Amino acid sequence: MEFEPVIGLEVHAQLKTKTKIFCGCSTSFGAPPNTHVCPVCLGMPGVLPVLNKKVVEYAIRMAVATDCEIAHKSRFARKNYFYPDLPKGYQISQYEFPIAENGHIVIETDGDKKQIGITRIHMEEDAGKLSHDPHRPSSMVDFNRTGVPLIEIVSEPDLRAPEEAGAYLRKIHSLVCYLDICDGNMEEGSFRCDANISIRPKGTGSLGTRTELKNLNSFKHVENALRFEIDRQKDLIVDGGLVVQETRLWDPVKNVSTSMRGKEEAHDYRYFPDPDLLMLVTDDEWVDALKKTIPELPDEKKARFIDEYRLPSYDADLLTSSRELADFFEECLKEFPNAKQVSNWVMGTLLGLLNAEGKTVKQSPVSAVNLAGLLKLIDEGIISGKIAKTVFEEMAKSGKSPKEIVKEKGLVQVTDVSSIESVVSQVLARCSDEVEDYKKGKTKLLGFFVGQVMKESNGKANPKIVNEVLRSKLGG
Ligand code: ADP
Ligand code: MG
Ligand code: ZN
């Protein structure tokens, strides 16, 4: 029997507000434990939550970007459970009336486009952070994160392969970053994903029993965990067993998932409307004003890059994968308007450097202006493409401008015909055997002579002129 995986993702994005969702405490990361807390986020008796307007605005921005219907009236609910990272004994979330529903995004895998439904987007507060000391019989809790605003974005079970789940997650990630509502940092946990997966005989319509995978803190982990889980479920079913609905924890080191707990159902949480918070009313005027603040999003930007700069789809896709990279590219173009050449250097040399150094575009040691300056030097024939790579490396190390580096290191390309002629003469005199062979018809040796001349000139001779001079001297 052939099986088909069915996947739906729940993404939690921490919102980049300055203060928490229901109190004035700071949301900044990395402060000493339990210093960003107050009676409200610690759930002291008698306190009242006050909704942070920015949180609603950010949620609406995401709802607009994913074509959701925005609810005129929505409501907060209490999700009740006991856990030491949750001081109130309930999490304020949204349940029956979320801020947004029925949206979609478009993903692309192997050039195929597919629409993935967004079931809902809701707002909620984050819980605290527990840390377990393996050497002591105790755990510690940090409540700084308690009450930090999140949006949860729930997809329809429309994904059919780990690669599709990866593409979906990357798209959602790029949207929250473009919208500037989340910093997207997966390692610090500001962008988290749970993956729900079941399998069913291919061609059937009903859904199989799902498991939920947690601890997926990179795009790679999500895809690997799903691959493992598809195989695990298949093996179970083929052996005549049943998939148990449960929450499983991914171990990225051992590359396996293990059962963590039985999956709780919504009724286990005893959801009820939070009596401390009013119904949230969002009028059209507010939503329209927010729509005007939405920047150009990745799909539109990609289409424009193809149309305006005549870039191949591959280039446009990669360059618009992050807003910073797209901005970097366009900043280069302002100084050096040859799109394909800039694209080649940004995708190849620049991204190569950033990957090697583990840096983001924002941290790039080579500025857009300096990269453009380098391309100008090549274009004007002042340096060769080969020397340009050396200059680039030097820019990455010192942050100096390409002009300064070329001047300091004497890297200017030699285009003076008479000095190239003298190097050519020296080389030909030294290689008299090869010259003879060449004259007998072994014209492939031209490349050898060019190489010798380039070596002699420390790579500085203009290769075009070297070729011309060689041909005329050899009588070719
Ligand atoms: P819960 O919080 O109980 O996990 P949600 O409704 O928030 O429930 O999320 C459920 C997620 O699981 C959604 O992304 C949905 O698309 C997905 N899902 C639901 N049923 C299945 C199934 N049988 N197989 C795979 N994914 C599923
Ligand atoms: Mg879930
Ligand atoms: Zn607080």
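Keep in mind it's a predicted model, so treat the numbers as computed, not measured. Just follow the structure's listing: the first ligand is 1, and inside any ligand the first atom is 1.
- No salt bridge links K334 with E331; every basic N to acidic carboxylate O contact stays at or beyond 4.0 Å.
- Distances below 4.0 Å separate heavy atoms of E212 from the following atoms of ligand 1: 4 (O).
- Side-chain rings of Y95 and Y269 stay apart, their centers remaining 6.0 Å or farther from each other.
- Closest of all the heavy-atom pairs between N52 and K54 is OD1-N, 3.0 Å.
- Of all the atoms in ligand 1, the ones that sit under 4.0 Å from a non-hydrogen atom of G208 are 23 (N).
- When atom types are taken as modelled, the side chain of H221 and the backbone of N215 share no donor-acceptor pair closer than 3.5 angstrom.
- Between T209 and ligand 1, not a single N/O pair is under 3.5 Å apart.
- At distances below 3.5 Å, at least one donor-acceptor pair connects side-chain atoms of R270 with backbone N or O atoms of H267.
- For the Zn ion (ligand 3), the set of protein N/O/S atoms nearer than 2.8 Å consists of C23 SG, C25 SG, C38 SG, C41 SG, ordered by chain and number.
- Residue-environment remark: NZ (K16) exceeds the threshold of 12 foreign heavy atoms within 6.0 Å.
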Discussion item. The test is side-chain hydrogen bond (donor to acceptor under 3.5 Å, both in side chains); show your working for E393 and T390 and say whether it passes.
Written reply: CA-CA 5 Å; E393 279 162 25; T390 314; 5.7 Å; no
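- Neither the backbone nor the side chain of D158 has a heavy atom within less than 4.0 Å of ligand 1.
- Looking at ligand 1, you won't find any N or O of I197 less than 3.5 Å from one of its N or O atoms.
- In E156, the part holding a heavy atom less than 4.0 Å from any atom of ligand 1 is the backbone.
- Taking any N or O of V154, backbone or side chain, none lies under 3.5 Å from an N or O belonging to ligand 1.
- Taking every non-hydrogen atom of L9 and a distance limit under 4.0 Å, the qualifying atoms of ligand 1 come out as 14 (O).
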Item to complete: May I have the step-by-step check of side-chain hydrogen bond (donor to acceptor under 3.5 Å, both in side chains) for E330 and Y309, ending in yes or no?
Response: CA-CA 10 Å; E330 288 200 290; Y309 304 131; 2.4 Å; yes
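- When each atom of ligand 1 is checked for a heavy atom of G8 under 4.0 Å away, the hits are 14 (O), 16 (O), 17 (C), 26 (N).
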Discussion item. The test is salt bridge (Lys or Arg N to Asp or Glu O under 4.0 Å); show your working for K302 and D317 and say whether it passes.
Written reply: CA-CA 6 Å; K302 179 183 168 186; D317 202 45; 3.5 Å; yes
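- Close approach of ligand 1 to L207 is summarised as follows: ligand atoms under 4.0 Å from at least one heavy atom of the residue are 23 (N).
- A cation-pi arrangement, defined by a distance under 6.0 Å to the six-membered ring centre and an angle within 45 degrees of its axis, is absent between K171 and Y168.
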Show me, pair by pair, the donor-acceptor contacts under 3.5 angstrom made by side chains of residues 32-46, not counting sequence neighbours?
residue : atom : partner : partner atom : Å
N34     : OD1  : F143    : N            : 2.6
N34     : ND2  : V141    : O            : 3.1
T35     : OG1  : P32     : O            : 2.7

